[in-house]
Amino acid sequence: MAKTTQFASKIGLIAATVGSAVGLGNVWRFPAETQANGGAAFLIIYIACVFLLGVPVMVAEFAIGRSGRSDAVGSFINLGASRPWWAVGGVAILASYMILCFYMVVAGWTLEYLIASVSGFLYDGAGAMAHTDSAFFAGKMSTLIGSRYYPLIATYVVILINAAVLIVGVQKGIERMSNIMMPLLFVILLVLCGVSLTLPGASEGLEFFLRPDFSRVTASTFLNALGQAFFSLSLGMGILITYASYFPRTTHLTRTAVTVSMLDLLVALLMGFIIFPAVTTFSLEGESLSGSTLVFVTLPEVFARMPATQVWSVMFFLLLFVAALTSTISIAEVSVAFVADRMDVPRRVSTIVVLLPLFGFSTVCALSQLPSLGLTIGGATVFDFLDDVATNMLLPLVAMFTCLYVGWFAPPGLLRREVTNRGSARARAHGLILFILRYVAPLLTGIILVSRFL
Ligand code: PHE
């Protein structure tokens, strides 16, 4: 059944799509990857991956969604695809649901830190300089993230917020929320950037972040950059297919893909501009600059050393929470749309069907962070297992088959019809995009997959 739901405005659909793309991948993965993989050398490779591969794959997902006008499985079916192809959509939904289980927990952590910043708990007892060290904040982290109850409560709150937004619908829920959240995110980002770039160690920080070191570039640098680009742009999870099914006929797909990718890249870069000047100004370069330790230990150390500690802390964790929340909504929408379309039930029902089980699944993910409970699969915590399988295996797999489908097997002319809006718009890049989808992207995503097993 073809859908009639649509985003109400161009800005709204871009805000929603950027909301999905901008998440923890930009905040805690990108800056650390850049710094560890040769600074500007990595950045150049990353930018090439975003535009040469990310944009074409995004256009492919858009084309399937907007012409199929349904969820990630239904869109393939509406295009007349046979079973193996719509199964690709099924794997995408599975991957997105796996990610949802732990992303809800991470979003919960950001909410806890936001609340702990507002209430002052995070800095309680940090008054004496001796206490503003990493051990102090590692202690806070184990209270906030390592406890049995707080992370669960926070995760449940995030699930309920998701429910409230998703039940209201695409236009009034997702679009309206994104129209408020995204400008807020950019304003906070710019304020924090302004503060960070005027710190005494700013130039040193930028040098630390971006110093080009081509000697660090190896084959795995390319794979890291590509994996990062796919994750950060939310590719291979049915999200862009689902969102594009709400795009009006007049939306220019290539232009939208380029705009979304540029904004996502901009946020990632600005995050680096915020983090590294602050870290070098207070000589914290030696500490862990990756993942959760960076945002939950090192940055609070920075804030503790600055005047107006709480102001910056609240702003930063609000930024992080907004980034995480809009991503969870987009991931959940994949399944909500799937259940609503396939089972032909109202959104209300599908939202409940999708979110209710998360109270169980996300609880297991959250508790698997506590080593004492021993919730592991194959030696990894349930949390890490889901992350690894979904992002490192299923995501490139789906992306590969999506490209093959649009490049070779979709109804002839699908891509051309979609990128030119049925002939009414110009799309000079069509030939290049088709070439990439047919040859380059399947090859590279294939290499990512194979390299996992080497
Ligand atoms: N793109 C998001 C980020 O950069 C992550 C994400 C992954 C969002 C999967 C949706 C689905 O963090």
Side-chain angles (χ1 to χ4, degrees), residues 14-34 46 49-50 54-55 57-58 61 65 72 91-110 158 162 165-166 174 178 181-182 185 189 224-244 257 260-272 290-292 294-295 319-338 354 358 365 383 386-399 402:
I14 289 185
T17 315
V18 171
S20 170
V22 170
L24 298 159
N26 306 59
V27 180
W28 80 32
R29 234 172 108 158
F30 174 82
E33 289 261 329
T34 305
Y46 180 72
C49 288
V50 166
V55 169
V57 178
M58 192 181 282
E61 292 201 22
V91 177
I93 293 170
L94 177 72
S96 68
Y97 202 79
M98 288 167 78
I99 292 185
L100 192 57
C101 295
F102 69 82
Y103 216 100
M104 287 290 187
V105 178
V106 180
W109 294 344
T110 64
V158 175
N162 266 265
V165 174
L166 289 166
I174 300 177
S178 309
M181 297 280 196
M182 286 298 111
L185 181 131
L189 206 56
N224 285 354
L226 191 57
Q228 169 66 18
F230 276 28
F231 182 81
S232 190
L233 296 174
S234 302
L235 300 173
M237 271 164 285
I239 294 175
L240 301 172
I241 297 181
T242 309
Y243 272 19
V260 169
S261 304
M262 285 205 304
L263 289 171
D264 185 64
L265 178 66
L266 180 69
V267 173
L269 270 175
L270 292 179
M271 275 323 299
S290 65
S292 48
L294 168 69
V295 293
L319 171 79
L320 203 59
F321 175 61
V322 167
L325 181 68
T326 48
S327 292
T328 58
I329 302 254
S330 74
I331 313 175
E333 173 62 19
V334 174
S335 301
V336 171
F338 171 73
V354 168
L358 286 177
C365 282
F383 189 111
L386 291 175
D387 184 7
D388 187 37
V389 172
T391 54
N392 298 331
M393 290 195 250
L394 300 182
L395 185 159
L397 193 73
V398 171
T402 304

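When a ligand or atom number is given, it counts from 1 through the structure's own listing order.
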Visitor: Quick check on side chain to side chain contact (heavy atoms under 4.5 Å, CB included): which of L233, L266, V18 does S261 satisfy it with?
Guide: L233
Visitor: Please examine the side chains of S327 and Y103, heavy atoms only from C-beta on, and report whether any two atoms are closer than 4.5 Å.
Guide: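 Side-chain contact under 4.5 Å: yes.
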Visitor: Is there a ring-ring contact (aromatic ring centres under 6.0 Å, His included) between W109 and F383? Walk through the geometry before answering.
Guide: CA-CA 14 Å; W109 294 344; F383 189 111; 5.7 Å; yes
Visitor: Please give the N or O to N or O pairs under 3.5 Å between ligand 1 and the protein, distances rounded to 0.1 Å.
Guide:
unit_1	atom_1	unit_2	atom_2	d
ligand 1	1 (N)	S20	O	3.4
ligand 1	1 (N)	A21	O	2.9
ligand 1	1 (N)	F231	O	2.9
ligand 1	1 (N)	S232	O	3.0
ligand 1	1 (N)	S234	OG	3.0
ligand 1	4 (O)	A21	O	2.9
ligand 1	4 (O)	G25	N	3.4
ligand 1	4 (O)	N26	OD1	3.2
ligand 1	12 (O)	L24	N	2.9
ligand 1	12 (O)	G25	N	2.7
ligand 1	12 (O)	Y103	OH	3.0

Visitor: Is the closest side-chain heavy-atom distance between W28 and S292 below 4.5 Å?
Guide: yes
Visitor: Show me the pairs that pass salt bridge (charged side-chain N to carboxylate O under 4.0 Å, His left out) and involve residues 327-337, at least two apart or across chains.
Guide: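 Output for this query lists E333-R347.
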Visitor: Would you check if the side chain of Y97 reaches a backbone N or O of V354 as a donor-acceptor pair within less than 3.5 Å?
Guide: yes
